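Okay, so here's the structure we're looking at.
In this text, all values refer to a predicted model and were calculated from it rather than measured experimentally.
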Amino acid sequence: MKGSLGLVVIGRNEGERLRVCLQSALGGCQAASAGRTVVYVDSGSTDGSVALARSLGARVVALDMAQPFTAARARNAGLEALRGHDPAVQWVQFVDGDCELLPGWLNAAQAFLRDHSGHAVVAGRLRERHPERSVFNRLCDIEWNTPVGDAKACGGIAMMRLAPLQAVGGFREDLIAGEEPELCVRLRAAGWKVHRLGADMALHDAAMLHWRQWWRRTVRGGFAFAQGAWLHGQAPEHHWVAETRRALLWGAALPLAALVGAAVLGPWGLALLLVYPLQVLRLARKLRDVPRAFFLVAGKWAEAWGALQFYAGQLRGRRRELIEYK
């Protein structure tokens with residue numbers, strides 16, 4: 001028996017987290033009895049993920065790692081396999097291998113898409129599994145708490161209507177990050193809507209415990225900002241233009257101006273750097289959260305570095321490899 005809903009799980013060396021993820025898709029969601037197909041796409045795992053997925057009953061696609069790997073490529077491959085196995089699929093739930101779908105989410109998402117024919121994407125509340133383990137995990141949990149209602153974009157965990165997804169060409173496989181918002185730009189340009197429900201959708205295990213992990217993830221974000229603005233920065237979308245400008249202003253232009261000032265005025269020129277602690281104090285007062293304020297400001301240096309890497313790659317004509325933080 002085949003159904004109108006399929007699931008695509010992507011992962012790479014997720015270990016026990018993948019078991020939890022697949023069990024939530026195959027078992028907790030009663031996929032088999034509901035006629036749902038679950039496809040797992042593996043990107044070069046060396047921890048037995050492929051064998052684990054097969055043993056749990058998922059259909060497995062192992063990507064050829066001779067080609068550059070991106071999450072977008074994995075999702076497209078999973079979508080192709082899903083359509084090949086079940087041509088009747090109308091909606092697809094995408095989920096990463098470090099996430100666990102929560103009971104009730106799939107029914108809530110399907111009900112929304114049934115009742116709102118103009119929406120192509122619906123997402124819910126993604127929560128960090130262990131926000132108490134590090135400030136970086138807590139920042140992820142805050143980041144994912146987006147406003148309820150129609151939205152400009154979704155993240156990688158979302159349910160999508162298959163027809164419009166196919167019509168716009170799926171995910172852009174050359175993007176190393178930010179592929180979901182970029183897809184949503186094209187969907188909205190085609191007249192479709194994106195929605196964020198208030199329902200809990202999934203638990204995510206970032207396992208981000210060290211500064212270096214946070215730094216690399218934030219660098220990747222800056223790279224995605226710059227690439228997104230490069231692709232869709234023109235009117236009317238102005239996709240990620242403001243985010244890129246802020247990153248370059250705070251993370252590159254101000255430090256450079258301080259260095260120039262020091263060369264011209266001596267140590268007094270470095271007084272410009274006082275704007276950073278002042279900005280932290282301003283944000284801490286506004287947000288009532290000193291650590292978050294600090295990382296919002298410090299993150300601009302990492303984002304600027306990621307944006308500059310994108311521009312450097314464009315000048316050299318080279319494609320940037322995946323920036324991984326785990």
Side-chain angles (χ1 to χ4, degrees), residues 4-10 39 41 70-83 86-96 99 101 105-106 108-126 143-199 201-202 220-221 223-244:
S4 59
L5 172 67
L7 294 88
V8 172
V9 180
I10 65 171
V39 175
V41 183
T70 64
R73 179 187 165 209
R75 292 193 180 100
N76 282 343
L79 187 60
E80 182 179 357
L82 182 63
R83 290 173 52 214
D86 185 359
V89 165
Q90 300 176 30
W91 310 302
V92 56
Q93 172 71 48
F94 292 99
V95 58
D96 293 350
C99 294
L101 291 172
W105 164 250
L106 294 181
Q110 287 180 91
F112 178 86
L113 291 178
R114 286 194 194 99
D115 295 340
H116 297 80
S117 60
H119 287 73
V121 184
V122 61
R125 175 65 163 104
L126 179 63
E143 175 187 331
W144 294 322
N145 190 18
T146 57
V148 172
D150 282 353
K152 283 191 172 183
C154 68
I157 320 304
M159 186 179 293
M160 301 188 183
R161 201 181 296 273
L162 184 58
L165 180 58
Q166 290 180 262
V168 300
F171 295 92
R172 279 191 63 128
E173 298 188 2
D174 58 333
L175 301 185
I176 67 169
E179 66 277 4
E180 306 93 355
E182 192 279 333
L183 170 64
C184 290
V185 168
R186 289 182 281 124
L187 285 168
R188 288 188 291 104
W192 293 93
K193 296 179 182 180
V194 179
H195 193 81
R196 157 74 151 86
L197 288 177
M201 176 176 61
R220 187 180 68 179
F223 189 101
F225 287 157
Q227 191 169 31
W230 184 278
L231 291 171
H232 302 290
Q234 299 299 316
E237 186 62 37
H238 298 300
H239 179 55
W240 278 347
V241 170
E243 290 82 355
T244 304

[atom2] on [Y] to [atom1] on [X], rounded to 0.5 Å:
| X | Y | atom1 | atom2 | result |
| --- | --- | --- | --- | --- |
| Leu79 | Leu165 | CG | CG | 5.5 Å |
| Thr244 | His239 | OG1 | NE2 | 8.5 Å |
| Glu237 | Cys184 | CD | SG | 10.0 Å |
| Leu126 | Thr146 | CG | OG1 | 9.0 Å |
| Asp174 | Leu231 | CG | CG | 7.5 Å |
| Phe94 | Glu180 | CZ | CD | 9.5 Å |

(request) Please assess Val89 against Leu5 for the test side-chain contact (heavy atoms from CB on, under 4.5 Å), listing each intermediate value before the final yes or no. (result) CA-CA 5 Å; Val89 165; Leu5 172 67; over 6 Å; no

Do [X] and [Y] have side chains that get closer than 4.5 Å, going by heavy atoms?
| X | Y | answer |
| --- | --- | --- |
| Trp105 | Leu197 | yes |
| Pro147 | Arg196 | no |
| Val92 | Met159 | no |
| Met201 | Cys99 | no |
| Val9 | Val39 | no |
| Trp91 | Gln110 | yes |

(request) Check step by step if side-chain contact (heavy atoms from CB on, under 4.5 Å) holds for Arg83 and Gln166. (result) CA-CA 11 Å; Arg83 290 173 52 214; Gln166 290 180 262; 2.9 Å; yes

(message) Students often mix this up, so state it plainly: with edges at 30° and 60°, are the rings of His116 and Phe112 parallel, tilted or perpendicular?
(response) parallel

(message) Is it true that, when you exclude Glu80 itself, more than 12 heavy atoms of the residues, nucleotides or ligands shown sit nearer than 6.0 Å to its CD?
(response) no

(request) Return yes when atom CZ of Arg125 has more than 12 non-hydrogen atoms of other residues, nucleotides or ligands closer than 6.0 Å, and no otherwise. (result) yes

Side chain [X], main chain [Y], donor-acceptor under 3.5 Å:
| X | Y | result |
| --- | --- | --- |
| Arg188 | Val194 | no |
| Arg75 | Phe171 | no |
| Arg172 | Leu183 | no |
| His195 | Val122 | no |
| Arg186 | Val168 | yes |
| His232 | Gly228 | no |
| Thr70 | Glu173 | yes |

(request) Apply side-chain contact (heavy atoms from CB on, under 4.5 Å) to the pair Leu82 and Leu7, showing each step before the final yes or no. (result) CA-CA 8 Å; Leu82 182 63; Leu7 294 88; over 6 Å; no

Return the minimal non-hydrogen interatomic distance between [X] and [Y], and the atom names on each side.
| X | Y | answer |
| --- | --- | --- |
| Ile10 | Ala71 | CD1-CB, 3.8 Å |
| Ser117 | Arg161 | CA-NH2, 3.8 Å |
| Ala123 | Ile157 | CB-O, 3.9 Å |
| Ala158 | Val121 | CB-CG1, 4.0 Å |

(request) Would you sort out whether Gln90 and Leu162 count as a side-chain contact (heavy atoms from CB on, under 4.5 Å), showing the intermediate values? (result) CA-CA 5 Å; Gln90 300 176 30; Leu162 184 58; 5.7 Å; no

(request) Go through the steps to decide whether Gln227 and Trp240 satisfy the test side chain to side chain donor-acceptor pair (under 3.5 Å), and finish with yes or no. (result) CA-CA 9 Å; Gln227 191 169 31; Trp240 278 347; over 6 Å; no

